> 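Let me give you the structure first, and then I'll get to my questions.
The model shown is predicted, which means the values in this text are computed figures rather than measured ones. Values reported hereafter were calculated over all heavy atoms of this structure, with side chains retained and with hydrogens, waters and symmetry mates removed.
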Amino acid sequence: ILHGLGGAQLSEQHAKRSAELMSKAQPTFLSTLVVSFPLGVKRHAERFADVGPEGFQELSPLEVLEEMSVFLEEVQLKRTIFRSDHASNYLGLKGVLGRDKARLLEEIAAAMTGDIALRPEWARGL
């Protein structure tokens, strides 16, 4: 799952539909990453002209965490190995869904309040 792909306008929809898809698929392994634009956001943003007057708006780190939280709240998995530890992620998460769902959501909430530090931008290079 690529968090941030839909930008600010489609973030909730992206999270919920991704959760729905994964719930139906019941994968053995699931990983999330955060979209990045090493060559600039313009090329991607051009595809969002019909989203609204603002077009594509890249998510802030806190908005990415909110999208991750919505995704995890919505997803219904039984025994899926979950990893969100790629260099692109602001917060590294590891667990088994659904067993560790509550803990993962608590970690995201703690990161959103500043109780857990986010990965700095310089460390998110690919």
Side-chain angles (χ1 to χ4, degrees):
I1 301 297
L2 192 55
H3 289 298
L5 189 62
Q9 294 86 342
L10 300 176
S11 179
E12 184 175 358
Q13 176 182 324
H14 176 60
K16 288 182 176 183
R17 289 190 177 171
S18 295
E20 180 182 359
L21 178 64
M22 291 300 101
S23 296
K24 288 179 181 176
Q26 291 293 313
T28 302
F29 185 85
L30 172 62
S31 181
T32 64
L33 297 88
V34 176
V35 70
S36 63
F37 305 99
L39 301 177
V41 70
K42 183 180 177 187
R43 191 171 131 216
H44 182 72
E46 289 171 349
R47 297 183 176 122
F48 283 78
D50 61 338
V51 173
E54 297 87 26
F56 179 82
Q57 294 178 339
E58 190 173 357
L59 298 183
S60 70
L62 287 179
E63 289 171 325
V64 169
L65 292 176
E66 178 62 29
E67 184 172 299
M68 291 175 66
S69 182
V70 170
F71 172 76
L72 286 176
E73 286 172 4
E74 296 284 328
V75 75
Q76 300 297 320
L77 297 171
K78 296 175 182 151
R79 289 182 296 193
T80 297
I81 297 167
F82 175 74
R83 298 290 181 266
S84 185
D85 55 358
H86 184 265
S88 66
N89 288 297
Y90 290 101
L91 177 66
L93 298 171
K94 295 180 181 181
V96 176
L97 293 171
R99 180 187 74 196
D100 300 322
K101 184 176 189 173
R103 176 183 57 80
L104 295 169
L105 286 167
E106 288 173 9
E107 288 180 26
I108 293 171
M112 291 177 78
T113 60
D115 293 334
I116 295 177
L118 299 181
R119 184 176 285 145
E121 287 295 332
W122 65 265
R124 293 183 58 245
L126 303 178

> With the threshold set at 4.0 Å, does a side-chain nitrogen-carboxylate oxygen contact exist between K24 and E20?
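Counted as a salt bridge, because a side-chain N and a carboxylate O are separated by less than 4.0 Å.
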
> Please report the interatomic distance CG(L72) to CD1(I108), rounded to the nearest 0.5 Å.
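Separation between the atoms: 4.5 Å.
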
> Check whether more than 12 heavy atoms from other residues, nucleotides or ligands sit under 6.0 Å from atom CD of E12, and answer yes or no.
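No.
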
> With clusters defined by side-chain heavy atoms of hydrophobic residues (ILVMFWY) lying less than 4.5 Å apart, directly or transitively, does L10 cluster with F37?
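As far as the 4.5 Å side-chain criterion goes, L10 and F37 are connected within one cluster.
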
> Would you name the heavy atoms of I1 and M22 that are closest together and state the gap between them?
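So the minimum-distance heavy-atom pair works out to CD1-CG, 4.0 Å.
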
> Would a single hydrophobic cluster contain both V96 and L105, if residues Ile, Leu, Val, Met, Phe, Trp and Tyr are joined by side-chain heavy-atom contacts under 4.5 Å?
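No, because L105 and V96 fall into different hydrophobic clusters, even though each may have its own neighbours under 4.5 Å.
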
> Could you check whether any side-chain heavy atom of R83 comes within less than 4.5 Å of a side-chain heavy atom of L30, counting everything from C-beta outward?
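Heavy-atom side-chain distance check fails, nothing below 4.5 Å.
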
> Measure across P61 and L118 and return the closest heavy-atom pair with its distance rounded to 0.1 Å.
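Between these two residues, the closest heavy atoms are CB-CD1, 4.0 Å.
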
> Taking the six-membered ring of Y90 as reference, does the cationic atom of R124 (NZ for Lys, CZ for Arg) lie under 6.0 Å from its centre and within 45° of its axis?
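Flagged: R124 positioned over aromatic ring of Y90.
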
> Testing the basics here: between T32 and S84, what is the closest heavy-atom pair and its distance to 0.1 Å?
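Smallest interatomic distance, heavy atoms only, reads OG1-OG, 2.7 Å.
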
> For the atom pair CD (E63) and OG (S69), what is the distance rounded to the nearest 0.5 Å?
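Separation between the atoms: 13.5 Å.
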
> Using the side-chain contact (heavy atoms from CB on, under 4.5 Å) rule, pick out the option among V34, L2, V64 that qualifies with S88.
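Output: one option passes, namely V34.
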
> Once you round to the nearest 0.5 Å, how far does NZ of K94 lie from CG of D85?
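Taking NZ in K94 and CG in D85, the distance rounds to 5.0 Å.
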
> For residues L62 and E66, determine if any side-chain heavy atom of one lies less than 4.5 Å from a side-chain heavy atom of the other.
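Heavy-atom side-chain distance check fails, nothing below 4.5 Å.
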
> Can you list the steps and then say if F82 with D100 is a side chain to side chain contact (heavy atoms under 4.5 Å, CB included)?
CA-CA 9 Å; F82 175 74; D100 300 322; over 6 Å; no

> Evaluate the criterion side chain to side chain contact (heavy atoms under 4.5 Å, CB included) for residue pair L93 and M68; output intermediate values, then yes/no.
CA-CA 10 Å; L93 298 171; M68 291 175 66; 3.5 Å; yes

> Identify whether the distance between the nearest side-chain nitrogen and carboxylate oxygen of R103 and E106 falls below 4.0 Å.
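E106 and R103: not salt-bridged.
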
> Please lay out, stage by stage, how E67 and V70 fare under the test side chain to side chain contact (heavy atoms under 4.5 Å, CB included).
CA-CA 5 Å; E67 184 172 299; V70 170; 5.8 Å; no

> When you compare the side chain of T80 with that of V75, does any pair of heavy atoms fall below 4.5 Å?
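No, their side chains stay 4.5 Å or more apart.
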
> Determine the minimum heavy-atom distance between I116 and E107, stating which atoms define it.
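Taking every non-hydrogen atom into account, CD1-O, 3.7 Å.
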
> Quick check for you: to the nearest 0.5 Å, what is the distance between S23 atom OG and K16 atom NZ?
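Nearest 0.5 Å value for the OG-NZ distance: 13.0 Å.
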
> Considering only heavy atoms from C-beta outward, does the side chain of F71 approach that of H14 to under 4.5 Å?
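Counting from C-beta outward, F71 and H14 never come under 4.5 Å.
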
> A side-chain contact here means heavy atoms from C-beta on lying under 4.5 Å apart; do K101 and Q76 qualify?
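Side-chain contact under 4.5 Å: yes.
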
> Report the C-alpha separation of Q26 and L77 in whole Å, then their side-chain angles, then the decisive distance to 0.1 Å, and conclude whether the side chain to side chain contact (heavy atoms under 4.5 Å, CB included) test is met.
CA-CA 6 Å; Q26 291 293 313; L77 297 171; 3.6 Å; yes

> Restricting to non-hydrogen atoms, name the atom on V35 and the atom on L5 that form the minimum distance, rounded to 0.1 Å.
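Smallest heavy-atom distance, with atoms named: CG1-N, 3.9 Å.
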
